[in-house]
Amino acid sequence: MSESNVLVSPPISSGQGSSAPNAPIKLGVMASGNGSNFEAVAAAIADGRLNAKIQVLIYNNPQAKAVERAKNHGVPAVLLNHREFDSREALDAKVAETLKQYDVDWVIMAGWMRIVTQTLIDAFPGRMINIHPSLLPSFKGIRAIEQALASNVKITGCTVHIVTLEMDSGPILMQAAVPILEGDDADSLHRRIQVQEHRILPAAIALQAAKETVLAPT
Ligand code: GAR
């Protein structure tokens with residue numbers, strides 16, 4: 001990995017550990033769409049860069065292409081369609097219950113386009129990770145790439161961070177910078193940001209996995 005545009009924070013202590021040293025950390029991935037970040041995590045596991053196992057994919061959109069990717073990797077996929085729940089809390093309660101059923105340790109929001117509530121955060125305190133297509137704290141929320149283009153900044157990028165109740169505001173684990181080029185539109189810029197997302201999301205999870213190994217109780 002070329003490190004020139006990648007910035008890393010020290011791992012954050014979660015106060016919990018996996019059951020055995022060197023045991024793969026057990027991931028639950030949440031996705032709403034294409035699932036290229038799911039694919040990047042699965043690829044990193046397959047080629048040994050990430051000592052983890054994806055226990056389950058949760059998706060909220062019946063059309064999400066991430067499902068096909070999960071099938072290809074032998075990962076169970078569970079549809080929790082937000083339209084079938086009365087409130088955000090009701091959806092999140094079911095998401096949390098499902099993640100617990102699949103014995104998940106760490107939750108990865110890989111393009112999960114729903115605002116999460118305290119209900120879910122309380123189920124995995126300090127153990128939810130999100131990828132966002134900007135250099136936070138700039139351009140929080142939806143249409144982050146369009147926001148960056150409209151602001152005329154020359155550099156944007158992506159951020160992996162711990163999820164807290166305030167959207168896109170939790171402790172930053174890793175970031176990668178991406179220059180905005182003359183003639184860029186949202187699609188061209190997103191494509192280059194995604195190249196970096198696919199590097200830093202597995203790398204940030206691997207840092208957490210390494211910390212679990214080092215700090216696991218003997
Ligand atoms: C990614 O670019 C991710 O940063 C973004 O959704 C995309 C999902 O792509 N997430 C957000 O905007 C969250 N606020 P993918 O489905 O190909 O992984």
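Counting starts at 1 for both ligands and their atoms, following the listed order. Given the structure is predicted, the values throughout are model-derived calculations rather than measurements.
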Where does ligand 1 get N/O contacts under 3.5 Å from the protein, atom by atom?
| unit_1 | atom_1 | unit_2 | atom_2 | d |
| --- | --- | --- | --- | --- |
| ligand 1 | 2 (O) | His190 | NE2 | 2.8 |
| ligand 1 | 2 (O) | Gln194 | NE2 | 3.2 |
| ligand 1 | 2 (O) | Glu197 | OE1 | 2.9 |
| ligand 1 | 2 (O) | Glu197 | OE2 | 3.0 |
| ligand 1 | 4 (O) | Pro133 | N | 3.4 |
| ligand 1 | 4 (O) | Glu197 | OE2 | 2.4 |
| ligand 1 | 9 (O) | Gln194 | NE2 | 3.1 |
| ligand 1 | 14 (N) | His132 | ND1 | 3.3 |
| ligand 1 | 16 (O) | Asn34 | N | 3.3 |
| ligand 1 | 16 (O) | Gly35 | N | 2.7 |
| ligand 1 | 17 (O) | Ser36 | N | 2.9 |
| ligand 1 | 17 (O) | Ser36 | OG | 2.5 |
| ligand 1 | 17 (O) | Gln194 | NE2 | 3.4 |
| ligand 1 | 18 (O) | Ser36 | N | 3.3 |
| ligand 1 | 18 (O) | Asn37 | N | 2.9 |
| ligand 1 | 18 (O) | Asn37 | ND2 | 2.9 |

> Is there a donor-acceptor contact under 3.5 Å linking the side chains of Gln194 and Arg191?
Replying inline: no

>> Less than 4.0 angstrom from a charged side-chain N to a carboxylate O is my criterion; do Lys100 and Glu97 meet it?
In response: no

> Okay, side chain of Gln196, backbone of Thr159: is any donor-acceptor separation there less than 3.5 Å?
Replying inline: no

>> Just by distance, no angles: are the side chains of Lys140 and Ser169 close enough, under 3.5 Å, to form a donor-acceptor pair?
In response: yes

Side-chain polar contacts of residues 66-73 - donor-acceptor pairs under 3.5 angstrom, sequence neighbours left out - could you list them?
| unit_1 | atom_1 | unit_2 | atom_2 | d |
| --- | --- | --- | --- | --- |
| Arg69 | NE | Asn34 | O | 2.7 |
| Arg69 | NE | Gly35 | O | 3.4 |
| Arg69 | NH1 | Glu39 | OE1 | 3.1 |
| Arg69 | NH2 | Asn34 | OD1 | 2.9 |
| Asn72 | ND2 | Glu68 | O | 3.4 |
| His73 | NE2 | Glu39 | OE2 | 2.7 |

> Among Leu135, Leu189, Ile155, whose side chain to side chain contact (heavy atoms under 4.5 Å, CB included) with Val178 holds?
Replying inline: Leu189

